[in-house]
S.K.: 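What follows is a single structure, and I will ask about it in a moment.
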Amino acid sequence: MRHEQKFHAWCIMSSHVHLVFRSVKGQKPELLIGDLKRFTSKAIVKAITENPKESRKEFLLEAFKKEAEKSSNVTLYQFGRHDNKPIELWSNRVIYEKINDVHQNPVEAGLVFRAEDYRYSSAIDYADEKGLLDDIEVFRYYGI
């Protein structure tokens, strides 16, 4: 079964990723996260193995293999953690606050002064400009 979701906000930091999304067809968030993590890990391992200019290929793949050996349900490479910290967003105000929190991560880390200047986030989409990803559904909240 193919799961579908709409992404409202995202931010990739050096050690973690933040996402704000919703299920289009009522699937459980943990199934959507699992699908996303499987797809992403396979794509990253493929990019590492197929890139002839990747100088850290052996180091990275060996690290992923060592992590896989610690897991009972992973056969070759473990990229990322098995756990995640989903938070159900129950009101428009909470959604707005969490999206803002996601976009402020690089600012708080001292990487940029303004959230929209961080390339690996949807903050630029919220500044009415085009970000890296297509189909970001900007959440507008007028109740503040």
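It should be emphasised that the depicted structure is a prediction, and the values quoted were computed from it without experimental measurement.
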S.K.: From D35 CG over to T40 OG1, what is the distance, rounded to the nearest 0.5 angstrom?
M.R.: 10.0 Å
S.K.: Hydrophobic cluster membership, with links at side-chain heavy-atom distances under 4.5 Å among I/L/V/M/F/W/Y: are V138 and I124 in one?
M.R.: no
S.K.: About how many Å separate CD1 of I48 and CZ of F59, when rounded to the nearest 0.5 Å?
M.R.: 10.5 Å
S.K.: Is there any salt bridge (charged side-chain N to carboxylate O under 4.0 Å, His left out) pair reaching into residues 6-19, and which pairs are they, with sequence neighbours excluded?
M.R.: none
S.K.: W90, Y96: one ILVMFWY side-chain cluster at the under-4.5 Å cut-off?
M.R.: yes
S.K.: Hey, is the main chain of V20 close enough, under 3.5 Å, to the side chain of H8 for a donor-acceptor pair?
M.R.: no
S.K.: Under the side-chain contact (heavy atoms from CB on, under 4.5 Å) rule, collect the residues that match up with K65, sequence neighbours excluded.
M.R.: E62, L76, Y77
S.K.: State, yes or no, whether a side-chain contact exists between S122 and C11 at a heavy-atom distance under 4.5 Å.
M.R.: no
S.K.: Report yes if the side chains of L19 and F7 come closer than 4.5 Å at any heavy-atom pair, otherwise no.
M.R.: yes
S.K.: Among all residues two or more places apart in sequence or in another chain, which pass the side-chain hydrogen bond (donor to acceptor under 3.5 Å, both in side chains) test with E54?
M.R.: R56
S.K.: Applying ring pair (Phe, Tyr, Trp, His ring centres under 6.0 Å), can you list everything that pairs with H18, at least two apart in sequence or on another chain?
M.R.: H16
S.K.: Run the side-chain hydrogen bond (donor to acceptor under 3.5 Å, both in side chains) test against K130 and tell me which residues pass, sequence neighbours left out.
M.R.: D134
S.K.: Can you tell me which residue pairs pass the salt bridge (charged side-chain N to carboxylate O under 4.0 Å, His left out) test with a partner in residues 39-50, sequence neighbours excluded?
M.R.: none
S.K.: Which residues satisfy the side-chain hydrogen bond (donor to acceptor under 3.5 Å, both in side chains) test with D135, sequence neighbours excluded?
M.R.: none
S.K.: List for me each residue that meets side-chain contact (heavy atoms from CB on, under 4.5 Å) alongside I33, sequence neighbours excluded, and say none if there are none.
M.R.: F21, K37, N84, P86
S.K.: Check side-chain contact (heavy atoms from CB on, under 4.5 Å) between S91 and all other residues, then give those that pass, not counting sequence neighbours.
M.R.: R93, V94
S.K.: Would you say the side chain of N100 lies within less than 4.5 Å of the side chain of E97, judging by non-hydrogen atoms?
M.R.: no
S.K.: Using side-chain heavy atoms (C-beta onward) and a distance below 4.5 Å, is M13 in contact with Y118?
M.R.: yes
S.K.: For V107 and F113, work out which heavy atoms get closest and say how close.
M.R.: CG1-O, 3.9 Å
S.K.: Heavy atoms only: give me the nearest P106-V102 pair and the separation to one decimal.
M.R.: CD-O, 4.0 Å
S.K.: A side-chain contact here means heavy atoms from C-beta on lying under 4.5 Å apart; do N92 and F139 qualify?
M.R.: yes
S.K.: Quick one: which residue pairs count as a salt bridge (charged side-chain N to carboxylate O under 4.0 Å, His left out) with a foot in residues 120-129, not counting sequence neighbours?
M.R.: D128-R140
S.K.: If the condition is side-chain contact (heavy atoms from CB on, under 4.5 Å), which residues does D117 pass it with, not counting sequence neighbours?
M.R.: V112, R114
S.K.: Using the ring pair (Phe, Tyr, Trp, His ring centres under 6.0 Å) criterion, which residues pair with Y126? Sequence neighbours excluded.
M.R.: H103
S.K.: Should L133 and W10 count as side-chain neighbours, where that means a heavy-atom distance under 4.5 Å?
M.R.: yes
